[in-house]
Amino acid sequence: MNNLQRYFIDQNADDSQRFFITNKEDIHHITNVMRNTVGNQIIVTFKDKTVFKSEIITVENESIEIKLIEHIDINSELPVQVTICSGLIKADKYEWLIQKATELGADSFIAVEMDRSVVKLNSNKVQKKLERWQKIIKEAAEQSYRLIIPKINFKSNLNEICDTINHYDYILLAYEDEAKRGEVSLFKETLKKFKTNDRILLIFGPEGGFSEKEISLLKETSVNVGLGPRILRAETAPLYALSAISYENELMG
């Protein structure tokens with residue numbers, strides 16, 4: 001089963017009915033890349049996070065019809081919902097970050113143009129970027145057996161994050177000054193408090209870190225944490241944090 005390709009369908013599963021894969025890229029991947037034909041099997045993950053081994057019934061240019069054969073019991077989601085909010089960094093690094101963070105279980109992403117972001121995004125380019133990022137996330141979600149495709153949003157400054165602060169149970173800001181000061185226990189102590197389904201916002205700066213203004217903006221609502229004794233790059237820090245959350249919440253218990 002593990003070598004079967006996985007695809008997402010944005011509907012709830014119902015094994016009494018047939019479903020259609022209509023995403024053009026998925027159709028191309030199933031027929032041209034994987035060379036699948038009628039009678040072959042694929043794995044399909046549905047909106048309600050159920051997973052089925054499915055058989056291809058018909059192959060058309062516009063759609064591939066499948067029937068559900070066998071429910072697969074799988075739980076590959078982190079027990080907590082982690083949003084990775086990070087300052088815009090160089091394109092290839094950011095794309096690598098969202099791919100790997102999807103593999104590590106991130107629930108959603110917010111890309112923010114921060115004061116020290118070297119990268120700036122013109123408003124007319126935002127939509128195209130979001131589409132590209134979403135595609136990278138989708139492919140990573142399929143490959144890592146995720147039950148959801150994480151969503152990504154763009155904010156033009158950190159102020160816009162403040163409006164959504166009350167959506168989260170915990171807000172942690174990865175602040176390298178804390179790491180330089182040798183603060184090591186706060187992140188660990190906070191992780192221990194997480195309960196199933198808690199919503200966590202992790203905020204990371206761009207290459208040049210946060211500005212003083214940004215730090216004071218979130219002073220009231222966030223906990224500034226150090227992530228160990230080494231200074232981590234902007235694209236590495238979120239992966240460290242997600243790995244630690246997984247270890248604490250999934251492997252320890």
Side-chain angles (χ1 to χ4, degrees), residues 25 81-141 143-144 146 148-165 167-168 171-180 187 200-219 221-228 230-245:
E25 280 158 10
Q81 294 172 21
V82 182
T83 297
I84 302 287
C85 169
S86 46
L88 275 186
I89 55 176
K90 294 193 181 81
D92 56 335
K93 290 186 173 152
Y94 190 66
E95 290 178 1
W96 184 83
L97 160 59
I98 58 178
Q99 181 190 55
K100 299 302 164 204
T102 298
E103 289 174 29
L104 287 168
D107 183 74
S108 59
F109 297 93
I110 307 170
V112 182
E113 199 167 291
M114 292 188 189
D115 293 346
R116 294 184 184 164
S117 289
V118 181
V119 179
K120 303 289 181 207
L121 217 57
N122 302 339
S123 51
N124 58 349
K125 288 201 179 136
V126 169
Q127 197 46 43
K128 215 169 176 53
K129 271 284 188 222
L130 285 171
E131 282 166 18
R132 180 176 167 79
W133 291 338
Q134 197 64 68
K135 182 170 182 261
I136 290 166
I137 291 167
K138 173 180 177 285
E139 286 168 4
Q143 280 168 348
S144 57
R146 292 289 303 274
I148 61 156
I149 303 173
K151 292 273 181 278
I152 186 161
N153 287 301
F154 172 75
K155 304 286 182 192
S156 55
N157 59 65
L158 206 51
N159 285 352
E160 292 186 45
I161 298 299
C162 296
D163 306 340
T164 65
I165 283 296
H167 292 184
Y168 302 99
I171 295 148
L172 304 184
L173 187 122
Y175 192 31
E176 57 184 38
D177 283 26
E178 296 294 340
K180 286 174 189 159
F187 182 53
I200 294 123
L201 178 65
L202 300 181
I203 307 177
F204 302 88
E207 284 99 344
F210 297 103
S211 68
E212 291 304 314
K213 193 175 96 210
E214 287 166 337
I215 291 291
S216 59
L217 184 69
L218 294 159
K219 176 163 96 246
T221 48
S222 70
V223 181
N224 293 356
V225 296
L227 298 178
R230 290 162 295 284
I231 300 301
L232 302 175
R233 296 173 77 128
E235 71 273 25
T236 313
L239 306 183
Y240 175 93
L242 280 165
S243 303
I245 289 169

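The figures that follow rest on heavy atoms only: side chains count, while hydrogens, waters and symmetry mates do not.
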Specify the closest pair of heavy atoms between W133 and A111, including all atoms of both residues, with the distance to one decimal.
-> CZ3-CB, 3.8 Å
Exercise: identify the closest heavy-atom pair between A237 and L232 | CA-CD1, 3.9 Å
Starting at CG of N159, measure out to CG of L218 and round the result to the nearest 0.5 Å.
-> 9.0 Å
Please round to the nearest 0.5 Å and tell me the distance separating atom CD1 of I149 and atom NZ of K138.
-> 6.0 Å
Can you find a pair of side-chain heavy atoms, one from L227 and one from F204, that are under 4.5 Å apart?
-> yes
Does any N or O in the side chain of S222 come within less than 3.5 Å of the main-chain N or O of K219, such that one atom is a donor and the other an acceptor?
-> no
Take I203 and M114, measure what side-chain contact (heavy atoms from CB on, under 4.5 Å) needs, and give me the verdict at the end.
-> CA-CA 11 Å; I203 307 177; M114 292 188 189; 4.2 Å; yes
What do you reckon, is NZ of K93 surrounded by more than 12 foreign heavy atoms closer than 6.0 Å?
-> yes
Is there side-chain contact between E214 and V112, with heavy atoms separated by less than 4.5 Å?
-> no
Mind checking whether L217 and C162 have side chains closer than 4.5 Å, heavy atoms only?
-> yes
Heavy-atom closest contact (A234 atom, P238 atom, distance) = O-CD, 3.2 Å
From NE2 (H167) to CD (Q81), nearest 0.5 Å | 12.5 Å
Closest approach of A244 to F187 (non-hydrogen atoms, all atoms of both residues) | CB-CE2, 3.7 Å
Is any side-chain heavy atom of K151 less than 4.5 Å from a side-chain heavy atom of Q134?
-> yes
Indicate yes or no: does E95 engage R132 in a salt bridge with an N to O separation below 4.0 Å.
-> yes
How about L173 and I215: do any of their side-chain heavy atoms sit closer than 4.5 Å?
-> yes
Student check: side-chain heavy atoms of L239 and W96 closer than 4.5 Å | yes
If you measure from CG on L172 to CD1 on I245, what distance do you get to the nearest 0.5 Å?
-> 7.0 Å
Taking the side chain as every heavy atom from C-beta outward, state whether E139 and T102 have any atom pair closer than 4.5 Å.
-> no
Taking atom NZ of K128 as the centre, does the number of heavy atoms from other residues, nucleotides or ligands within less than 6.0 Å exceed 12?
-> no
Smallest heavy-atom separation, L121 atom then E113 atom, equals N-OE1, 2.8 Å
Side chains of V119 and P206: does their closest heavy-atom pair fall under 4.5 Å?
-> no
If you measure from the Lys or Arg side-chain nitrogens to the Asp or Glu carboxylate oxygens, is any gap between K100 and E103 under 4.0 Å?
-> yes
What are the two closest heavy atoms between F109 and P150, and how far apart are they?
-> CE1-CB, 3.9 Å
Taken to the nearest 0.5 Å, the spacing of L201 CG from Y168 OH works out to 5.0 Å
S156 and E160: side-chain donor and acceptor closer than 3.5 Å?
-> yes
When you check the gap from the basic side-chain N to the acidic O, do E131 and K135 get nearer than 4.0 Å?
-> no
Rounded distance (nearest 0.5 Å) linking atom OG1 of T236 with atom CD1 of I231 | 12.0 Å
